[in-house]
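Below, chains carry the letters A, B, ... as their sequence lines are ordered, and counting in each starts from 1.
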There are 2 protein chains.
Amino acid sequence: MQRNGSGATALDEPNETGKRLSSDERRRQILIAAMAVFGTRGYEGATTDEVARAAGVSQPYVVRLFGTKENLFLATIDEALTRLLAAFRAALAADDDADRDPGITEGKAAGKRIGQAYVDLIEVRGLHQTLAHAYLLGSNPVIGAAARRGFASVWRFFREEMGLDADEARAFMAEGMLISTMIGLRIVDDYGSDPQITELFRSCFPTELPHVLDVLPRGTERW
Amino acid sequence: MQRNGSGATALDEPNETGKRLSSDERRRQILIAAMAVFGTRGYEGATTDEVARAAGVSQPYVVRLFGTKENLFLATIDEALTRLLAAFRAALAADDDADRDPGITEGKAAGKRIGQAYVDLIEVRGLHQTLAHAYLLGSNPVIGAAARRGFASVWRFFREEMGLDADEARAFMAEGMLISTMIGLRIVDDYGSDPQITELFRSCFPTELPHVLDVLPRGTERW
DNA sequence: GTCTATACTGAGATAGAC
DNA sequence: GTCTATCTCAGTATAGAC
């Protein structure tokens with residue numbers, strides 16, 4: 001996963017120069033901002049104004065570009081899923097068996113790479129939490145339907161592209177849901193304060209712990 | 001888990017008779033209603049008015065009893081966690097080894113009972129989803145702190161009361177998060193429509209599938 | 001213990017200029 | 001492509017009666 005990918009520019013450098021961009025470029029920036037805001041506050045809790053300010057544009061312009069807040073959220077889910085599956089596919093394809101532990105099958109190694117890719121997506125602020133929020137809105141007629149389609153597409157990746165059986169796929173999804181929960185919970189805030197929490201935390205992020213500790217949003221940070 | 005427990009009266013029989021109750025009784029009714037509403041819409045999406053109507057009282061009275069919406073949500077999380085841990089403890093204690101498969105250890109059997117208790121809590125409408133929503137609000141200073149405490153208390157149950165090691169506990173929590181996600185997603189709505197989804201669904205609810213299919217909220221139902 | 005009436009605010013959406 | 005000004009409504013909270 002690219003650690004300094006171009007994805008995060010919108011939040012790092014808000015548009016304070018009043019530069020005119022192509023509307024596609026703007027859309028992309030706004031979607032980055034939207035992932036962060038929706039991820040933190042949820043669909044209803046987030047405001048289009050917060051998204052707009054995070055992206056460095058005016059609130060009415062966000063509405064203008066996406067029509068409604070609901071539409072913006074749908075586009076945001078889509079963006080998150082597209083990135084998620086792209087990261088998974090890249091990790092699946094990256095069969096760098098040169099430096100592979102000889103005792104490990106390629107299947108196992110791919111599993112590790114994909115798990116790592118999932119965790120690395122923490123760096124796209126709000127991606128995991130936005131999806132988690134969407135998954136909880138199943139009773140919303142339009143968002144719920146989109147969320148179910150998205151969830152199913154991840155399942156299909158594990159079953160068809162990665163070739164896992166149903167039980168393995170379920171275990172993967174379960175670990176993923178737990179990781180998303182721990183990110184949304186910001187349990188990192190209590191890391192070190194209580195041996196139990198520390199243990200819980202470490203048990204969920206077995207790989208690359210220092211890196212994870214470094215990039216996880218925490219505390220009163222907005223995202 | 002009791003299938004017709006006293007817990008669900010508030011929603012089944014709203015207070016249309018104008019009866020005066022003890023404020024404790026009312027609080028309990030309102031909390032039941034609140035789990036359902038918060039579970040469906042989330043903290044921000046839910047309105048105190050919706051909760052009030054579900055409980056059969058007026059909106060200002062809900063605010064009167066709980067002070068603020070935030071307070072109501074905190075009380076609702078607490079109610080949900082109390083019920084969750086009570087159900088777990090009951091399942092752990094119910095060592096009915098009379099009809100136990102002789103090839104299964106008591107540890108395994110307890111695990112099955114507790115897993116089943118978790119799934120059975122679907123019948124307390126919104127319980128799982130309310131907790132899941134709370135877990136996603138980690139960046140909220142007051143709700144986030146409460147959510148982390150609650151999550152940690154479940155972890156402690158698995159580790160200390162149930163005696164699992166960290167890896168087993170993590171696996172349990174992960175399965176739980178997946179189940180909560182599937183409930184919130186209302187993936188049951190697509191059950192039968194697509195073999196992939198059906199498989200995903202069955203793989204997550206291996207036990208008592210017909211019962212689960214029966215009690216899961218679905219579609220445009222409010223909760 | 002519980003209601004009705006209402007004040008107040010926040011936020012999505014629209015109009016229209018540049 | 002983007003902004004400012006503004007309309008409008010929904011929703012929390014308060015006041016005060018019964």
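Counting heavy atoms from C-beta on, the side chains of B:L131 and B:I77 come closer than 4.5 Å. Between B:F88 and B:M162, the closest side-chain pair of non-hydrogen atoms is not below 4.5 Å.
Straight-line distance from the CD atom of B:E44 to the P atom of C:dA11: 9 Å, rounded to whole Å. The distance between atom CG of B:D49 and atom C1' of C:dA5, rounded to the nearest whole Å, is 14 Å. Rounded to an integer number of Å, the gap from B:L65 CG to D:dT14 C1' is 15 Å. Distance, B:N71 CG to D:dA13 C1': 13 Å, rounded to whole Å. If you take CD of A:E25 and P of D:dT2, they are 10 Å apart, rounded to a whole angstrom.
For the pair A:R28 and A:E25, the salt-bridge criterion is met [side-chain N within less than 4.0 Å of a carboxylate O]. Under a 4.0 Å N-O distance rule, the pair B:R41/A:E44 does not qualify as a salt bridge.
Evaluation of the side chain to side chain donor-acceptor pair (under 3.5 Å) test over residues 169-184 of chain A, restricted to residues two or more places apart or in two chains, returns A:Y118-A:S180, A:D167-A:R170, A:R170-B:E175, A:E175-B:R170.
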Distances for protein N/O vs nucleotides 13-15 of chain C N/O pairs under 3.5 angstrom?
unit_1 : atom_1 : unit_2 : atom_2 : d
C:dA13 : OP2    : A:K69  : N      : 3.0
C:dA13 : N7     : A:Q59  : NE2    : 3.0
C:dA13 : N6     : A:Q59  : OE1    : 3.1

Pairwise N/O distances under 3.5 Å, protein to nucleotides 8-10 of chain C:
none

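With B:F157 as the aromatic partner, B:R89 does not meet the cation-pi criteria of under 6.0 angstrom to the ring centre and within 45 degrees of the ring axis. Because its NZ or CZ atom is both nearer than 6.0 Å to the ring centre of A:Y43 and within 45° of the ring axis, A:K69 counts as a cation-pi partner of that residue.
In this structure, B:S58 reaches the bases: a heavy-atom distance under 4.0 Å links it to at least one base atom across the strands shown.
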| task | Begin from the C-alpha positions of B:T76 and B:F66 and carry the test side chain to side chain contact (heavy atoms under 4.5 Å, CB included) through to its verdict. | result | CA-CA 10 Å; B:T76 308; B:F66 291 88; over 6 Å; no
